[in-house]
Structure formats: structure tokens, C-alpha cells
2 protein chains.
Amino acid sequence: MRRLHRAPALDAAAIERAVEHLNQTVREHGLKTSSVRNAVARAALRHQGHFSVDDLVRDVREGGLADAHPATVYRVLPLLVEAGLLQVTLMSARDGARYERAFEREHHDHLICTSCGKVVEFQFEAIELLQLDVAKKFGFHLTSHFHELLGTCKECRSSSGAAAAGR
Amino acid sequence: MRRLHRAPALDAAAIERAVEHLNQTVREHGLKTSSVRNAVARAALRHQGHFSVDDLVRDVREGGLADAHPATVYRVLPLLVEAGLLQVTLMSARDGARYERAFEREHHDHLICTSCGKVVEFQFEAIELLQLDVAKKFGFHLTSHFHELLGTCKECRSSSGAAAAGR
DNA sequence: CTTCCTGCAAAGGCTTTGCAAAGCT
DNA sequence: AGCTTTGCAAAGCCTTTGCAGGAAG
């Protein structure tokens, strides 16, 4: 089992590789490429960590190269996911979808502190294998999974006297 | 690893035990007991399987004993969860919260067919233990988790020629 | 020039909240 | 009585959708 190093930011070349990959998917669908969509993709790929749709809208604007309306971002996101650039994550957040980069990145799951919101990404091959056993036993072909461990981190527990009572 | 038998319906005595437990929690919070809340609790406990807030509102009404406004059900649900009668489930459903009975019921996780919606409940002690290892390694104290495996079931794959193309 | 994409505004669906009336202790 | 709970309606959020103008091929 290991903790994932914070995902390093993609360099410019990798981002362009991802955009090219996206546009290939776009063509395969008989759609047209678009500079706005590519700007959204670049902003999303530049983002480190988890982000909300709003975050992404802001990032695109701050990127300065283009502006994307929220509705457009909502329309573009499913395609970025299908192309493998992003993936939906942090399912337990009940206040809007969260995404994170999936392109050129290892699979991982999350450990979330319900007190301070800290998120630790971990990778545990043994669990992945056992999941396959479960799927096999019940005749399922797995396409994805969500596994989130919720609890309190060491810091929150030690500063608990007052902090824990407050929450 | 084992598949969970469909959760047997709670008998009348168990339901009353649960309601009594709920009211004890209510008193501990310095709140007042209420017949509407108890009616919601009974309807929820009578429900087999997973249900939405709307389902529950309907169940209460069809129970005939009382009527609960949706807003009231939304207000009551967190208390039923805190008292351990229910738990939030099927986090990957992005169209509204789902609940299921937790009172006098074993822990389990879900295998979900993304094609037909079938949900299989399984229990796998080995995975549970490995989760504890993860928590320990990162200094977390786990309070809950959810683990959902998404894929396609055998039936959907075999009737795939046409069906899979449609979805 | 035909088809797709985008921005805008409006609508949708789930959930929360303010308030006055009703319920519990 | 005094505080909680409830119903109702309105508001809040996130997300989706219809439409007209603009971009892409």
C-alpha cells in the first residue's frame, strides 16, 4: 500500500498530448473540435487536485485565453471524462460534482477527514485484486469503482478537546 | 466473501425496538418525541432495500397512519441516521440521496450494474480489514466508508448484441 | 453551406429555510 | 406555558435544456 505523491502538474507537452487525444475522441464521435472546449480541457489538466465545476469555470477565465460559460463547461465535462482526461471523484460530496485529472495518472482511492476535509490519496493493490474477486464471483465485469474511507485524521483527533466538540 | 441474503423485513417487535431506540436518542438530544417522526421511522424500517426521499414520503402516506410533508421527512432523516436506524447509501446516484435500513443489519457494500441498475450487496471481511490497515498507516480513525463497484452484470452482457448498443 | 458549439436565460429536480400553527412535556 | 415539530410556500443550489447567433469543416 502506498500514499500517492501529490500528482505532479502536467507539463505543457503532456497537456497538448491530452488535448490531441481529446480531439481524436471528438473526431471519432463525428463532432467538431473547438477552441473553447480545448481551453476548458487545458484549464482542467493544469489544475492540481480535486475541483468543482465552479472552480473550473474560474480557472478557465483566469487562464485568460478564453472564457467558458458554466453551461458550456457542464456540456464539455462528460466528453473530457469519456476521453479519459478527467474522472468524477469524491462521490461523498453532496454539494456538487468533483473532478480530478485522470490522464497519465495512476488509479487511487481516497481517505477523507470528516473534520478538516483533508483528502489523502492511496493506492492498495491488494484491495484492487479483492474487488476483482468480488466481481468475478457475482459475474460482473467491472468498469470502475468508488472507494472512500471516512474518518478523522490524527491532527484533528489530537487537537480534539475543543475542536472536536465544536464539530 | 458472501452475498447478503436480501435483508429480511423487520418484524413488528423489531420496529418498535428501533422506534424506542430513536426516541431515546431524541431525549438525549433534549428534543421531543413526535408521532410524525415515529411514523416516518416505521415506514423507513418497513421498507426493504434502497429508497429515495420520495419513496419514503409515499410509504408514509400509504402506511395510512400519518402523513408527512416532504420537508418534514428531509428534517427527520438526519436524526434517523444518527440514531442508527438508517444509513445513506448508493453514493454514486447523482439524482438524490438514497437510504437503507441500518438497524439490526450487517454492514455490506454494493456491486452495481450500470446497464440495468441491479444492485448486489456483498460482504467481504478481507477488504474491511485492509481498509483498517490503510487508516492505520495514515493515522486515521475510520468512522464509515463506502465502496461501490460499478460494471455490467452477466445478464446484461449476454443479452448484449442489441441491448448494450442501445445503452 | 451544413452541422456543431456556445452563451444566455429559463426551467428542472432535489433540498433547505422562514414562518405561523399545532404538538409534546 | 415554553420549546419543538410540522406544513406550506418560497428560496437555494447544482445541473440541464431550448434557442439564436457564431465557429468549424
Side-chain angles (χ1 to χ4, degrees), chain A residues 19-20 22-44 50-61 63 65-83 86 88-99, chain B residues 19-20 22-44 50-61 63 65-83 86 88-99:
Chain A
V19 170
E20 180 42 42
L22 166 64
N23 287 329
Q24 189 166 321
T25 301
V26 163
R27 285 181 219 108
E28 284 167 4
H29 283 238
L31 303 178
K32 301 183 175 180
T33 58
S34 125
S35 57
V36 173
R37 183 165 46 215
N38 288 348
V40 173
R42 290 194 180 91
H50 313 99
F51 55 90
S52 67
V53 174
D54 250 27
D55 292 335
L56 183 51
V57 170
R58 254 191 301 279
D59 286 354
V60 175
R61 178 168 311 119
L65 312 146
D67 213 2
H69 193 277
T72 300
V73 172
Y74 276 107
R75 278 187 279 232
V76 164
L77 278 167
L79 208 47
L80 303 194
V81 170
E82 170 159 355
L86 301 181
V88 178
T89 191
L90 298 187
M91 306 300 291
S92 54
R94 294 266 87 181
D95 60 332
R98 297 296 149 77
Y99 294 82
Chain B
V19 171
E20 179 42 42
L22 166 64
N23 287 328
Q24 189 168 321
T25 301
V26 163
R27 284 182 221 109
E28 284 167 3
H29 283 237
L31 303 178
K32 300 185 175 179
T33 58
S34 126
S35 57
V36 173
R37 182 164 49 214
N38 288 349
V40 174
R42 290 195 180 91
H50 313 100
F51 54 90
S52 67
V53 175
D54 250 27
D55 292 335
L56 183 50
V57 170
R58 255 191 301 280
D59 286 354
V60 175
R61 178 169 310 118
L65 312 145
D67 215 1
H69 193 278
T72 300
V73 173
Y74 276 106
R75 278 187 279 232
V76 164
L77 278 168
L79 208 48
L80 303 194
V81 169
E82 170 159 354
L86 302 180
V88 177
T89 191
L90 299 186
M91 308 298 290
S92 54
R94 295 266 87 180
D95 60 329
R98 296 297 149 74
Y99 294 83

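Just so we're on the same page: letters track the sequence lines, and every chain starts at 1. Atom set for the values below is all heavy atoms of this structure, side chains included, hydrogens, waters and symmetry mates excluded.
Of the candidate nucleotides D/dG7, C/dC4, D/dT4, D/dT4 has the atom lying nearest to any side-chain atom of B/L31. Of the candidate nucleotides D/dT17, D/dA24, D/dG7, D/dG7 has the atom nearest to the side chain of B/T72. The side chain of B/R75 lies closest to D/dC8, out of D/dT17, D/dC8, C/dC4. Nearest to the side-chain atoms of A/V36 among the listed nucleotides C/dT6, C/dC24, D/dT4 stands C/dT6.
Near DNA chain D, meaning a heavy atom under 4.0 Å away, the residues from residues 90-99 of chain A are A/D95, A/G96, A/A97.
For B/A93, the side chain to side chain contact (heavy atoms under 4.5 Å, CB included) partners at least two apart in sequence or on another chain are B/D95, B/R98.
Contact check, B/S35 against C/dC24: a side-chain N or O comes under 4.0 Å of OP1 or OP2.
With hydrogens and angles ignored, no donor-acceptor pair under 3.5 angstrom links the side chain of A/K32 to the base of C/dC4.
B/R37 has its side chain out of reach of B/R42: every pair of non-hydrogen atoms, C-beta onward, lies at least 4.5 Å apart. A/L77 has its side chain within reach of A/Y99: a pair of non-hydrogen atoms, C-beta onward, lies under 4.5 Å apart.
Within the 4.0 angstrom heavy-atom criterion, no nucleotide atom of any strand lies near A/D54. B/S52 comes within 4.0 angstrom of no nucleic acid atom, judged by non-hydrogen atoms across all strands.
Under 3.5 Å, the side chains of A/S52 and A/D55 contain a donor-acceptor pair of N or O atoms.
Of the residues near DNA chain C, B/S34 and B/Y74, the one whose nearest nucleotide (by heavy atom distance) lies more toward the 5' end is B/Y74.
Distance B/R37 CZ to D/dG7 P: 12 Å, rounded to the nearest Å.
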